[in-house]
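Residue numbers start at 1 and run along the sequence shown. Quantities reported herein were computed from a predicted structural model and do not represent experimental measurements.
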Amino acid sequence: MASLNVGNLGEYLREQRRQAQLSLRQLADAAGVSNPYLSQIERGLRKPSAEILQQLAKALRISAETLYVQAGILDERDRDEVETRAVILADPSINERQKQVLLQIYESFRKENALDAQAGAPSDSDEMPPKTNWN
């Protein structure tokens, strides 16, 4: 786990709050934290827990993973994986068994690609498509 990057997190939170047109007090109330505590987070003086970040994300209507990346809890690659899993799990059009199967397939592809990358094997996207002669 990376160290918390609270300065950038605070700036990012302040910008998100302003874009949402919320006062510091309004966001603090919506997230269930104190006004002074939120102010300290925005100024980079406090390191919020993942739970607090989740509450703030919910109040700002942004993904918690975005705040985790800003805080240095997740790196960008982890965020993509977490968001993909969340989308699959949230899909109401497929049942729980189907979700688990999709997650297993997804994980197997990730492992396969990681092994290929370690071995230096070209991925499918690195290969040139076959030439076709339309004449």
Side-chain angles (χ1 to χ4, degrees):
M1 180 168 28
S3 63
L4 288 179
N5 191 356
V6 286
N8 289 341
L9 171 65
E11 294 168 17
Y12 182 79
L13 272 173
R14 183 179 301 114
E15 183 59 32
Q16 292 301 309
R17 178 176 57 78
R18 288 179 177 160
Q19 287 181 10
Q21 298 180 336
L22 294 171
S23 69
L24 191 70
R25 188 172 310 280
Q26 288 170 321
L27 178 57
D29 289 344
V33 298
S34 73
N35 193 32
Y37 181 63
L38 179 57
S39 175
Q40 290 174 351
I41 294 171
E42 283 194 358
R43 290 181 289 140
L45 303 175
R46 296 294 295 260
K47 297 178 182 182
S49 67
E51 183 179 329
I52 297 296
L53 290 173
Q54 188 171 27
Q55 290 169 222
L56 289 166
K58 185 176 180 181
L60 288 167
R61 295 190 172 114
I62 61 175
S63 77
E65 290 79 15
T66 301
L67 291 184
Y68 296 159
V69 169
Q70 288 295 321
I73 295 171
L74 281 180
D75 70 20
E76 200 67 40
R77 290 169 296 170
D78 292 339
R79 175 184 170 199
D80 293 342
E81 179 183 354
V82 168
E83 287 181 347
T84 300
R85 290 175 182 278
V87 168
I88 291 170
L89 292 171
D91 189 335
S93 67
I94 58 177
N95 66 40
E96 290 304 313
R97 185 187 62 77
Q98 292 167 330
K99 290 175 185 180
Q100 291 308 312
V101 170
L102 272 175
L103 288 172
Q104 288 171 354
I105 293 168
Y106 174 67
E107 187 58 34
S108 72
F109 285 149
R110 288 180 53 83
K111 285 180 183 175
E112 180 182 329
N113 290 343
L115 290 173
D116 287 348
Q118 287 176 350
S123 68
D124 291 341
S125 62
D126 294 338
E127 296 173 7
M128 295 296 293
K131 288 189 174 184
T132 55
N133 189 350
W134 297 100
N135 295 332

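- Of all non-hydrogen atoms in L103 and R85, the two that sit nearest each other are CD2-CG, 3.8 Å.
- For the pair N95 and R97, the tightest heavy-atom approach, listed with the atom from each and the gap, is OD1-N, 3.1 Å.
- Here the straight-line distance linking atom CG of L22 with atom CZ of R17 works out to 8.0 Å at 0.5 Å rounding.
- Closest approach of Y37 and K47 over heavy atoms only: OH-O, 4.1 Å.
- Taking the side chain as every heavy atom from C-beta outward, D91 and L102 never approach each other to under 4.5 Å.
- Separating the CD atom in E96 from the CD atom in Q98 is a distance of 10.0 Å, to the nearest 0.5 Å.
- L56 and L13 make their closest contact through CD1-CD1, 3.9 Å (heavy atoms, listed as atom of the first residue, atom of the second, distance).
- The CG atom of N113 sits 11.5 Å away from atom CD of Q118, with the distance rounded to the nearest 0.5 Å.
- When all heavy atoms of E81 and Y106 are compared, the closest pair comes out as CA-OH, 3.4 Å.
- Atom CD of Q19 sits in a crowded spot, with more than 12 heavy atoms from other residues, nucleotides or ligands closer than 6.0 Å.
- A continuous path of Ile, Leu, Val, Met, Phe, Trp and Tyr side chains, each step under 4.5 Å between heavy atoms, connects V33 with L24, placing both in one hydrophobic cluster.
- Annotation: side chain of P48 is in contact with side chain of L9 (closest heavy-atom distance under 4.5 Å).
- Contact record, A59 with A31: CB-N, 3.9 Å, taken as the closest heavy-atom pair.
- Distance CG/L115 to CZ/R110: 12.0 Å, rounded to 0.5 Å.
- In Q54, the CD atom is not crowded: 12 or fewer heavy atoms of neighbouring residues, nucleotides or ligands sit closer than 6.0 Å.
- Residue F109 is grouped with residue V101 when hydrophobic side chains (ILVMFWY) are merged at heavy-atom distances under 4.5 angstrom, including chains of intermediate members.
- One finds the CD1 atom of I88 at 10.0 Å from the NZ atom of K99 (value rounded to the nearest 0.5 Å).
- Side-chain contact between Q16 and R61: absent, with no pair of heavy atoms (C-beta onward) separated by less than 4.5 Å.
- The backbone N or O of Q104 lies less than 3.5 Å from no partner atom in the side chain of E107, so there is not a single donor-acceptor pair.
- For the atom pair D29 CG and S23 OG, the distance stands at 7.5 Å (nearest 0.5 Å).
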Yes or no on side-chain contact (heavy atoms from CB on, under 4.5 Å) for L53 and I73, after CA distance, side-chain angles and deciding distance? CA-CA 10 Å; L53 290 173; I73 295 171; 3.7 Å; yes
Can E11 and R14 be said to form a salt bridge (Lys or Arg N to Asp or Glu O under 4.0 Å), step by step? CA-CA 5 Å; E11 294 168 17; R14 183 179 301 114; over 6 Å; no
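- Look at R18 and E15 and you find no salt bridge, because none of the NZ, NE, NH1 or NH2 atoms lies under 4.0 Å from a carboxylate O.
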